[in-house]
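Throughout, a chain's letter reflects where its sequence line sits, starting with A, and its residues are numbered from 1.
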Amino acid sequence: MPANNDMEILMQQKMEEFRIEPSPADWQAIYERLHPKKDRRFLWWWFPLVAGLLFGGYWITIQNRSQNATTTDSPAAISPADPNHGIAENQANQKKDPVSAASASAKPTIETSIPPAASSIQSSVEDEQHNNPVHAKLSRNTVSKKSNHTAEGSASDPLPDDIPLTGKETTEGKDAASTMQEPLEISPKLADTNTAEQNQNETAIVPLVESRENDITILKEENKETTAPREKTHEDSLTTVKPSLEPTVKKNSIPNLSNHASKGWYLGAYAEIGSNKPTEPISLAKAADMNSFPGSGNSSTTTSAGSKSKGLHYAFGVALEKKLKKMSFSFGLGVQSNTWSSTSATYKDSMISGNIFTRTQISNNSSNYTHIAMELPVMLNFRLAGKKHSSYWFTTGLNNLITLKLDQKTDVSIVQSNASYSQDNSLTSKASPYQPQFRIGFMYENTQDRYHWQLTPFMQYGLNSMVKTGSPDIQMLHFGIQTRYYFKKLK
Amino acid sequence: MINARELVSRCLKNDAVAQKQLYQHFAPQMLAVCYRYTKDSNEASDVLQEGFVRMFRNLHQWKEEGELGAWIRRIMINTALNWLRSQKRIHWLNEEHISESYDSESVITPVHHMEARQLADMIRQLPAGYQAVFNLHAIEGYSHGEISKMLNISEGTCRSQYMRARKYLADMIMKTENEKQNYYAGKQ
């Protein structure tokens with residue numbers, strides 16, 4: 001039962017007349033809930049791409065781990081390029097040190113486990129020795145040291161006349177026995193770090209491209225063996241030969257937990273995908289909607305009502321990253337593409353009396369936009385947590401967009417006449433040339449010996465309007481995921 | 001004027017154009033209802049959207065004898081009350097024993113001087129419990145018995161809440177009216 005007094009009755013009468021015009025966004029929200037097909041299709045595109053990115057990163061990690069495991073598990077089976085290497089070691093050890101000889105003899109499989117590729121390399125080295133005495137010496141010294149290790153053998157090798165030796169070099173003789181011990185110390189290192197392919201490269205190329213100074217050093221050792229008895233310590237002889245045995249491929253250092261700093265820059269590539277959502281569908285429609293308060297009497301006004309819109313966002317490019325102590329800095333250069341669509345409708349509002357009016361729909365407009373821009377992302381990453389290989393970061397920065405192209409394709413349908421037409425417009429001249437976009441995200445980083453990769457879900461918001469108009473701005477809101485792969489360290 | 005039956009039959013076939021026509025016809029009135037039960041415009045929009053979605057999904061339950069507008073209005077009110085419950089803004093006190101010392105009949109309030117929007121804004125300033133009871137009893141016309149079932153409170157609580165709400169509102173109206181008179185008196 002309604003309250004029966006003046007106040008209640010008057011309030012009921014007042015409230016019966018009360019009307020509030022809802023926003024066009026309200027109908028759009030209702031429509032999307034009643035007809036949700038578009039959303040499903042949108043998500044359908046999303047998931048395979050994200051899954052592909054994740055799987056790609058995982059696959060690269062697995063590949064690298066299995067490669068490392070193969071390299072480190074059986075050094076003797078992979079690394080020795082000289083089948084006589086092991087024999088020379090054993091012979092030398094048997095002569096010099098019975099204890100070492102005994103331990104060396106505990107490795108009977110060295111010779112039998114040499115891969116065919118390594119044998120062929122050895123034969124090619126021997127061929128080369130016959131054809132070119134200088135290179136032959138270098139190769140022998142660098143790879144097999146066969147002559148040196150057989151004690152007397154090296155003494156009989158001729159020294160080329162065209163390479164002069166200094167007084168110092170000739171006086172510092174090297175103990176032949178000590179030289180013979182060298183492979184015992186250095187060969188595991190060679191096996192640990194180099195694959196058969198890398199050994200091949202070292203055999204054929206490294207001596208040729210090494211500096212002249214190194215060549216002299218190596219040749220000098222052989223000469224010493226012929227002239228003077230070796231008196232130097234084992235450590236000294238290792239120091240002399242070491243440079244030629246360092247792995248030729250530089251590894252990226254794995255940072256420790258407290259300090260990620262690196263001297264050089266890492267070069268990499270990135271790709272990202274996401275959704276974009278303009279904060280206003282069309283500024284023109286919004287402006288018209290804001291000014292569409294109906295007048296009094298039998299007047300009529302035209303209202304344009306925009307609806308929410310959304311689209312897709314892609315980007316790819318190259319990046320450089322510098323690791324600092326507990327943070328990292330990166331910048332890049334890439335291309336970004338944004339597509340989105342929006343719909344709007346035009347109405348004719350005819351006032352009847354007071355707050356009552358009738359609204360007639362005149363047209364439906366559907367616009368598809370394509371925006372292509374060059375992007376210059378500048379990002380700062382702050383390390384939050386993680387272990388040696390896996391870490392989690394907070395990332396923030398500016399993605400600077402420079403517009404290259406903005407196109408609009410509009411489909412208009414006239415409701416009353418049932419007619420429709422399409423129109424293509426270039427809005428490049430109306431687009432803001434510079435659009436900085438603020439980005440935040442959380443990054444997962446996986447660090448391996450020769451590369452590191454990152455996966456970053458992010459949110460990005462445009463700080464500048466997409467289109468230069470006097471009416472309300474169109475800011476872009478992006479949600480996406482980015483993957484970066486840094487594969488090379490620059491000095 | 002719209003043909004409700006025809007429009008509803010088209011809406012039942014999930015015709016988006018008909019749905020939009022129905023929405024456009026009733027939305028201004030329903031948003032005004034939602035406005036009175038909520039505290040700001042965004043909340044009112046949320047309730048309106050939820051109410052219309054519920055209405056379209058349950059449109060087959062509408063019996064053609066009844067007025068469509070009244071049926072939609074009831075859905076909006078129920079949606080608004082559900083929303084209030086979900087927000088947990090209402091904390092009912094057991095006020096059955098509070099004496100109704102306030103005589104509503106004796107107070108003359110200058111409601112006729114006020115604009116509808118102004119009155120609606122004043123209703124929104126009431127505490128959430130008063131707001132709901134006042135809207136349901138004074139504006140929608142539900143009895144205290146019906147309201148007590150809808151809000152799951154005792155009838156006594158409902159009555160006392162309504163009386164307090166009415167006094168609160170009358171005070172606000174009088175205060176506004178006095179301020180207005182003082183303003184004009186000062187100008188003269």
Side-chain angles (χ1 to χ4, degrees), chain A residues 1-38 292-294 303 305 307-308 343-352 354-364 413 415-416 418, chain B residues 1 11 14 16-17 19-21 23-25 27-36 41 44-46 48-53 55-57 104-120 122-123 134-135 137-146 162 166 169-170 173:
Chain A
M1 290 288 291
N4 188 21
N5 60 55
D6 283 348
M7 183 176 167
E8 278 77 3
I9 291 168
L10 282 169
M11 287 198 90
Q12 276 181 4
Q13 287 173 354
K14 293 271 182 187
M15 290 302 135
E16 279 300 313
E17 297 166 5
F18 185 40
R19 299 283 185 277
I20 302 173
E21 191 63 33
S23 149
D26 288 337
W27 167 247
Q28 191 61 31
I30 294 166
Y31 179 84
E32 283 174 7
R33 287 179 66 184
L34 293 172
H35 306 272
K37 278 182 183 175
K38 279 185 180 175
S292 67
F293 296 109
T303 304
S307 62
K308 287 177 182 174
T343 56
S344 63
T346 312
Y347 303 95
K348 186 178 181 185
D349 296 336
S350 301
M351 300 304 301
I352 298 168
N355 287 335
I356 303 169
F357 66 91
T358 59
R359 171 170 276 194
T360 312
Q361 188 171 352
I362 299 169
S363 67
N364 269 320
S413 62
V415 175
Q416 287 173 335
N418 226 4
Chain B
M1 296 300 288
C11 288
N14 212 20
V17 176
Q19 286 171 340
K20 191 168 185 180
Q21 282 179 351
Y23 167 82
Q24 285 172 343
H25 189 267
Q29 182 189 350
M30 298 308 155
L31 185 56
V33 173
C34 299
Y35 187 83
R36 281 190 280 109
S41 300
S45 281
D46 289 345
L48 180 82
Q49 291 169 21
E50 182 63 33
F52 266 100
V53 170
M55 185 272 287
F56 282 121
R57 286 178 181 164
S104 61
E105 299 292 334
S106 64
V107 179
I108 300 164
T109 46
V111 175
H112 56 282
H113 290 163
M114 315 282 289
E115 294 292 326
R117 182 70 176 241
Q118 211 175 354
L119 286 169
M122 284 181 177
I123 293 170
F134 187 85
N135 271 319
H137 183 68
I139 314 293
E140 319 298 351
Y142 288 103
S143 69
H144 287 299
E146 288 169 322
Y162 176 72
R166 196 177 187 285
L169 195 65
I173 292 170

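In this pair, A:Trp27 and B:Phe56 present their aromatic rings perpendicular. The plane angle is above 60°, beyond the 30 to 60° band.
Between chain A and the residues B:Gln24, B:Glu115, B:Met30, the largest count of heavy-atom pairs under 4.5 Å involves B:Gln24.
Between atom CZ of residue A:Phe18 and atom CG of residue B:Leu31 there is a gap of 8.0 Å, rounded to the nearest 0.5 Å. Atom CD in B:Gln49 sits 11.0 Å away from atom CG in A:Leu34 (nearest 0.5 Å). Of the inter-residue distances, the one linking A:Met15 atom CE with B:Tyr35 atom OH reads 10.0 Å to the nearest 0.5 angstrom.
The main-chain N or O of B:Met114 is found under 3.5 Å from a side-chain atom of A:Lys14 such that the two form a donor-acceptor pair. Although no hydrogens or angles enter the test, the distance criterion places no donor-acceptor pair under 3.5 Å between the side chain of A:Gln12 and the main chain of B:Glu140.
In terms of heavy atoms, A:His35 sits closest to B:Ala16 at NE2-CB, 4.0 Å. The nearest pair of heavy atoms linking B:Ile123 to A:Met11 is CD1-CE, 3.7 Å. In terms of heavy-atom proximity, A:Pro22 sits nearest to B:Ala27 at CG-CB, 3.6 Å.
Here the side chains of B:Gln29 and A:Ile20 are not in contact, with every heavy-atom distance at 4.5 Å or above. In this structure the side chain of A:Asp26 reaches within 4.5 angstrom of the side chain of B:Tyr23, judged on heavy atoms.
Neither the backbone nor the side chain of A:Gln13 has a heavy atom closer than 4.5 Å to any heavy atom of chain B. Of the two parts of B:Gln19, the backbone and the side chain both hold a non-hydrogen atom closer than 4.5 Å to a non-hydrogen atom of chain A. The parts of B:Arg117 that come within reach of chain A are both its backbone and its side chain, each placing non-hydrogen atoms under 4.5 angstrom from that chain. In this structure, no portion of B:Asp46 lies under 4.5 Å from any heavy atom of chain A.
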